[in-house]
Number of protein chains: 2
Amino acid sequence: MNQGGIAQSSETLAPIFAALGDPTRLKLVATLCVGGAFSIAQLTANTDISRQGVTKHLQVLADAGVVRDVKLGRERLWQLEPAQLEEAKRTLEAIGKEWEAALGRLKSFAESK
Amino acid sequence: MNQGGIAQSSETLAPIFAALGDPTRLKLVATLCVGGAFSIAQLTANTDISRQGVTKHLQVLADAGVVRDVKLGRERLWQLEPAQLEEAKRTLEAIGKEWEAALGRLKSFAESK
DNA sequence: GATTAGGGCAACCTAATGGTTGCATAAGCC
DNA sequence: GGCTTATGCAACCATTAGGTTGCCCTAATC
């Protein structure tokens, strides 16, 4: 009954989705995807929470592999790491495909009756 | 500095990602995407948590619009509602595109120097 | 060298999450 | 009718998450 491919990778995929499952973090990702690397101070200026709050969110994104940091002088710059997002997207595609295929099977089954 | 389209919809998108951000729920989605409608009892048999636990997870998925229930006799059957997943997928696509475009800009800027 | 700006670390707080158990209800079946 | 099965409702519990504040450190700047 289980659907191997998707379910099997649920342990590694869930953290990625969870990382995106917060409005503040989604905004951070949206900001970062315009390119380049931004400091914590810059990113904080774009939100309405404290710097420490932003740091925590960035850490969550980093743990999920969605984002990467690089030190430059006294700054810590963050940038997007889109590979994991790509995998999440492929999973959603796979689910959609699977669902469509199932609909097709159900339809042809109904018509054969 | 903000990236309108994606950030603006972060309030509606975040719950969808959050709903997918749990291994148990991801497994439920994977099970449901093979098609048809499954009862709570059937879905519970596929996990290692209690029926009430599964019910709660299904509720979270339903609140995010990822899943839909239909009553049939004394059973409550659940099935996938892939529209929201589709929107989540489009968002990830948009982020990827945006990022690639930004990389292109950075590259051509570096080459012009 | 003193000041300022960017950031790390840790403690703390509240609310939400993931999970459980116990009991009640409703529909099928003998 | 009486048993069984599928589910709902509510209370409860432990842990995590989101956020804050306070203090310390280090790199730039004047």
Side-chain angles (χ1 to χ4, degrees), chain A residues 1 7 10-32 36-79 84, chain B residues 1 7 10-32 36-79 84:
Chain A
M1 171 176 184
S10 68
E11 304 294 334
T12 69
L13 269 172
I16 303 176
F17 285 121
L20 299 175
D22 176 273
T24 303
R25 285 196 292 270
L26 261 188
K27 270 185 218 159
L28 287 172
V29 168
T31 300
L32 288 178
F38 297 94
S39 72
I40 298 178
Q42 286 177 307
L43 293 171
T44 300
N46 209 27
T47 71
D48 52 356
I49 65 175
S50 71
R51 173 179 57 88
Q52 289 302 327
V54 173
T55 297
K56 280 196 181 184
H57 281 303
L58 287 170
Q59 195 54 55
V60 172
L61 288 168
D63 287 345
V66 171
V67 111
R68 189 162 47 102
D69 72 297
V70 42
K71 300 290 291 283
L72 179 63
R74 66 176 164 179
E75 286 181 324
R76 188 175 173 189
L77 303 178
W78 293 86
Q79 63 188 28
Q84 301 290 71
Chain B
M1 173 174 183
S10 68
E11 304 292 336
T12 70
L13 269 172
I16 305 177
F17 284 122
L20 299 175
D22 176 274
T24 302
R25 285 197 292 268
L26 217 43
K27 269 184 217 161
L28 287 173
V29 169
T31 300
L32 288 178
F38 297 95
S39 73
I40 299 179
Q42 287 177 307
L43 293 171
T44 301
N46 210 26
T47 70
D48 52 355
I49 65 174
S50 73
R51 174 179 58 88
Q52 291 302 329
V54 172
T55 297
K56 281 196 181 182
H57 281 303
L58 287 170
Q59 194 55 53
V60 173
L61 289 168
D63 287 345
V66 170
V67 111
R68 186 162 49 102
D69 73 298
V70 42
K71 299 290 291 286
L72 180 63
R74 66 175 164 178
E75 286 182 323
R76 187 175 172 191
L77 303 179
W78 293 86
Q79 63 187 28
Q84 302 288 71

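Values in this document were obtained by computation on a predicted structure and should not be read as measured data. Lettering follows sequence order; numbering is per chain, from 1.
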note: B:Gln59, atom CD; C:dT17, atom C1'; distance rounded to Å ~ 14 Å
Taken to the nearest whole Å, CZ/A:Arg25 to P/D:dT16 is 16 Å
From CG of B:Leu61 across to C1' of C:dG18 the rounded distance in Å is 13 Å
Discussion item. Looking at A:Gln42 and A:Ser39, would you say the former's side chain and the latter's main chain have a donor-acceptor pair under 3.5 Å?
Written reply: yes
Rounded to whole Å, the NZ-P distance (B:Lys27 to C:dG18) equals 14 Å
Taking OP1 and OP2 of D:dG19, is either one under 4.0 Å from a side-chain nitrogen or oxygen of A:Ser50?
no
Whether each nucleotide of nucleotides 3-12 of chain C has a protein heavy atom under 4.0 Å at its base (B), only at its sugar-phosphate (S) or at neither (-) is summarised, 5' to 3', as --BSBBB---
Please work out if B:Gly73 contacts a base, only the sugar-phosphate, or nothing of the nucleic acid, heavy-atom cut-off 4.0 Å.
sugar-phosphate
Rounded to the nearest 0.5 Å, the CG atom of B:Leu32 sits from the CZ atom of B:Phe38 at a distance of 6.5 Å
Separation between CZ (B:Arg76) and CG (B:Asp69), nearest 0.5 Å, reads 4.0 Å
For this session: Compare side-chain N and O positions of B:His57 against OP1 and OP2 of C:dT17 and report whether any pair is under 4.0 Å apart.
Result: no
(Q) Can a donor-acceptor pair be found, under 3.5 Å and without considering hydrogens, that links the side chain of A:Arg25 to the backbone of A:His57? (A) no
